[in-house]
Amino acid sequence: MRTQYRPTTAVVDLEAIRHNAGQLKPSSAELLAVVKANGYGHGDVAVARAALEGGATWIGVALVEEGARLREAGIDAPILMLSQFPPGSERDALGIGLTPTVYTDEGATAVARAAATLRAEGLTDGPCRVHVKVDTGMHRVGVFPPENLIAFCERARDEGLEVDGLWTHFARSEDSADTTKQQLDLFVSLTTALGEVGITPRYRHAANSGATVLYPETHLDIVRPGLSLYGLPPLPAVAAHLDLRPALSWRSAVSFVKHLPAGEAVSYGLQYRLAKDAWIATVPVGYADGYSRRMSGRAHVLIGGKRYPVAGSITMDQLLVDCGDDRIEPGSEVALIGRQGEGEITAQDLADWSGTVTYEVLCAISERVPREYLHS
Ligand SMILES: *Cc1c(COP(=O)(O)O)cnc(C)c1O
């Protein structure tokens with residue numbers, strides 16, 4: 001058996017990832033490549049390798065499971081967990097060398113205990129290095145209120161943890177310079193205050209994509225871009241600042257074609273009625289692949305470099321395209337995201353059609369869609 005018969009594929013250009021990593025890596029700071037959620041749908045192992053080749057020295061993940069997958073694939077770069085280890089996972093997570101983020105007393109104690117156990121078993125040596133996250137305004141996770149930071153870090157130190165990193169996360173880096181500056185100023189003042197009690201983390205970091213691209217003063221010791229590593233600006237306005245190349249294109253091919261007379265209607269609900277005779281093409285991709293049903297009535301695809309509307313409801317496995325007078329051949333390539341001839345459809349287009357952000361469009365491309373890698 002082959003692993004793929006259906007011609008629906010997400011094509012990921014790893015040279016674009018290397019290029020984007022090179023664009024994003026500041027000369028004065030390290031680059032942490034965020035590859036959570038299967039590398040924003042691109043495939044975490046392949047993206048992590050390409051990002052490291054392109055100049056990244058750190059990898060960031062949201063889950064212990066994601067870190068474990070990268071380790072199993074042989075990636076030995078430092079991997080930072082972007083939130084605290086879930087209770088009970090500390091020993092396994094430290095055992096595979098994931099760098100913990102901590103921000104609660106319980107979390108820090110659990111990491112310290114797990115580190116002591118591993119040390120007693122001779123499985124690790126040296127200090128247990130952690131990154132402390134402080135909440136400077138986004139209010140998702142992190143030490144809060146920020147005035148608690150110094151006492152928190154002192155307790156962590158007393159438990160035998162080495163505060164090797166201190167970090168925070170911006171809530172509005174792509175659209176509010178004021179909020180970002182307030183958060184940065186608070187963060188910088190906290191690092192100074194920490195220094196006064198003798199805690200000087202080697203790595204201070206804050207910048208996600210928006211901040212990395214727009215505000216060099218946020219770069220500090222490490223930048224942590226995700227979306228822009230994949231070649232997408234966090235907001236269209238950010239696009240002009242760097243030469244970023246979208247790494248992912250989403251392709252399929254026409255599976256069936258028919259000519260229908262005016263007055264006929266297509267797909268579930270028969271809501272899309274033809275005003276004139278038209279060639280209707282069927283494409284084997286649907287909402288089970290992450291091509292959101294919410295885009296019905298708005299989405300377009302490219303065939304032969306030309307933009308055509310998706311006709312009627314997007315179904316689970318298939319969608320229909322109104323090709324008007326153009327007689328399309330079965331087997332013709334269809335671009336769902338990407339360039340074709342003179343045409344281009346972006347992840348931002350899909351985000352606009354479905355009322356969401358590009359992040360969700362990318363993560364939504366389901367496991368059913370095979371990923372194909374160029375320039376690996
Ligand atoms: C996801 C994430 C990032 C990357 O954000 P982008 O907007 O994709 O650049 C950076 N830091 C943390 C803590 C994150 O959760």
Side-chain angles (χ1 to χ4, degrees), residues 16-17 20-21 23-26 29-42 44 47-48 51 54 56-64 66-67 78-86 98-103 107 130-144 165-176 179-180 183-184 187 203-216 218-239 241-242 244 246-248 347-348 351 356-364:
I17 301 282
N20 296 335
Q23 288 280 302
L24 292 162
K25 159 91 180 61
E30 294 186 45
L31 173 65
L32 178 150
V34 178
V35 304
K36 63 196 180 194
N38 194 30
Y40 291 40
H42 294 59
D44 51 11
V47 166
T57 45
W58 284 81
I59 299 294
V61 297
L63 310 185
V64 172
E66 293 171 344
I79 299 177
L80 179 68
M81 270 284 285
L82 297 172
S83 53
Q84 213 162 249
F85 293 148
L98 303 187
T99 301
T101 284
V102 292
Y103 40 76
V130 301
H131 288 217
V132 172
K133 169 148 196 222
V134 59
D135 176 7
T136 57
M138 171 142 168
H139 304 329
R140 186 166 64 175
V141 291
V143 175
F144 187 84
L166 178 69
W167 66 276
T168 194
H169 194 48
F170 293 123
R172 300 188 60 180
S173 65
E174 65 289 334
D175 73 344
S176 170
T179 311
T180 306
Q183 286 193 259
L184 180 67
F187 184 69
Y203 298 107
R204 298 154 305 152
H205 51 105
N208 55 0
S209 287
T212 302
V213 174
L214 296 174
Y215 307 112
T218 64
H219 290 175
L220 304 172
D221 303 309
I222 305 180
V223 296
R224 302 191 312 265
L227 192 68
S228 54
L229 179 68
Y230 304 94
L232 298 174
L235 265 195
V238 177
H241 289 257
L242 282 181
L244 297 174
L248 181 140
Q348 185 64 52
T356 186
V357 290
T358 48
Y359 297 83
E360 191 179 0
V361 168
L362 296 172
C363 296

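Indexing begins at 1, ligand by ligand and atom by atom, following the structure's order.
Note on ligand 1: H205 sits outside its first shell, no heavy atom being nearer than 4.0 Å. The closest approach between any non-hydrogen atom of S228 and ligand 1 is not below 4.0 Å.
Considering only non-hydrogen protein atoms, atom 12 (C) of ligand 1 sits nearest to H169 CE1, 3.4 Å. Remark: minimum distance from atom 11 (N) of ligand 1 to any protein heavy atom is reached at R224 NE, 3.0 Å.
Neither the backbone nor the side chain of M81 has any atom closer than 4.0 Å to an atom of ligand 1 (non-hydrogen atoms only).
Between V34 and ligand 1, no N or O atom pair is found at a separation short of 3.5 Å. Considering backbone and side-chain N/O of N208, none are found under 3.5 Å from N/O of ligand 1. Backbone and side-chain nitrogen or oxygen atoms of P225 are examined, and none is located within less than 3.5 angstrom of a nitrogen or oxygen of ligand 1.
Here the options are V130, V134, D135, V143, the test is side chain to side chain contact (heavy atoms under 4.5 Å, CB included), and the partner is Y103; only V143 passes.
Put simply, CG on L63 and OG on S83 are 7.5 Å apart, with the number rounded to the nearest 0.5 Å.
K36 contributes no side-chain N or O that, together with a main-chain N or O of Y40, makes up a donor-acceptor pair within less than 3.5 Å.
Short contacts between ligand 1 and W167, defined as distances under 4.0 Å to a heavy atom of the residue, involve ligand atoms 13 (C).
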